[in-house]
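One structure below.
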Amino acid sequence: MKTQKKMRSLSIGYAKQQAIYRTCRRYYEQPPEVQEKIERLCNAAAHGDRQKYNALFAVLTGGKPIRVIAMEHYYSERLLYEMRRTFYEAWNSKK
């Protein structure tokens, strides 16, 4: 599995970032509680907007680059990066 670059804007260590990344990328292999947590945090990061949720979910669980997902969903890469950062921070603060 591909590794993710360290997101420097987060106060989360690289090992924890990688653990979250791997958990999300293996979404369909996760138990229902973990899947629900990913969905809930995606929804919170997207502020309840279903289209933004779908784009963020694709970023977190899919294998496509953010640039491609941004074009497919008609959002800026910056917005997707910001929502991903919000998701990671929420994951770290809510066990």
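Not measured: the values here are computed from a predicted model.
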Original post:
Is the side chain of R84 donor-acceptor paired with the backbone N or O of V59 at a distance under 3.5 Å, no angle test?
Top reply: no

**OP:** Identify the heavy atoms of A45 and F87 that sit nearest to each other, and give their distance.
**Re:** CB-N, 4.1 Å

**OP:** Can you see which heavy atom on A55 is nearest to which on L80, and at what distance?
**Re:** CB-CD2, 3.8 Å

Subject >> Closest heavy-atom pair and its distance - S76, A70 >> reply: C-CB, 4.1 Å

Original post:
Shortest non-hydrogen contact from L60 to C42?
Top reply: CD1-SG, 3.4 Å

Original post:
How far does CD1 of I38 sit from CD1 of I20, to the nearest 0.5 angstrom?
Top reply: 10.0 Å

Subject >> pair I12-W91: side-chain heavy atoms closer than 4.5 Å >> reply: no

Original post:
Would you call E36 and R40 a salt bridge, using N to O less than 4.0 angstrom?
Top reply: yes

**OP:** Drop me the distance from E77's CD to I66's CD1, to the nearest 0.5 angstrom.
**Re:** 7.5 Å

Subject >> Pair R85, Y81: side-chain N/O donor-acceptor within cut-off below 3.5 Å >> reply: no

Original post:
According to a 4.5 Å side-chain heavy-atom criterion applied to Ile, Leu, Val, Met, Phe, Trp and Tyr, with indirect links allowed, do I69 and Y74 form part of one hydrophobic cluster?
Top reply: no

Original post:
Is it the case that one hydrophobic cluster holds both Y53 and V68, taking links as side-chain heavy atoms less than 4.5 Å apart, direct or via other members?
Top reply: no

**OP:** Check for a donor-acceptor pair, side chain of Q51 on one end and backbone N or O of H73 on the other, with a separation under 3.5 Å.
**Re:** no

**OP:** Using a cut-off of 6.0 Å, state whether more than 12 heavy atoms not belonging to E39 lie near its atom CD.
**Re:** yes

Subject >> Value rounded to 0.5 Å, distance of CZ in F57 from CG in L41 >> reply: 12.0 Å

Original post:
Which distance, rounded to the nearest 0.5 Å, do you find between the CD of Q35 and the SG of C24?
Top reply: 11.0 Å

Original post:
With side chains defined as the heavy atoms from C-beta onward, is the minimum distance between K64 and E72 less than 4.5 Å?
Top reply: yes

Subject >> Y88 and Y21 aromatic centres sub-6.0 Å >> reply: no

Original post:
Of the options Q30, E29, Q18, which is the one that meets T23 in a side-chain contact (heavy atoms from CB on, under 4.5 Å)?
Top reply: Q30

Original post:
Run the side chain to side chain contact (heavy atoms under 4.5 Å, CB included) check on L79 and K52 step by step: do they pass?
Top reply: CA-CA 9 Å; L79 174 66; K52 287 181 183 176; 4.0 Å; yes

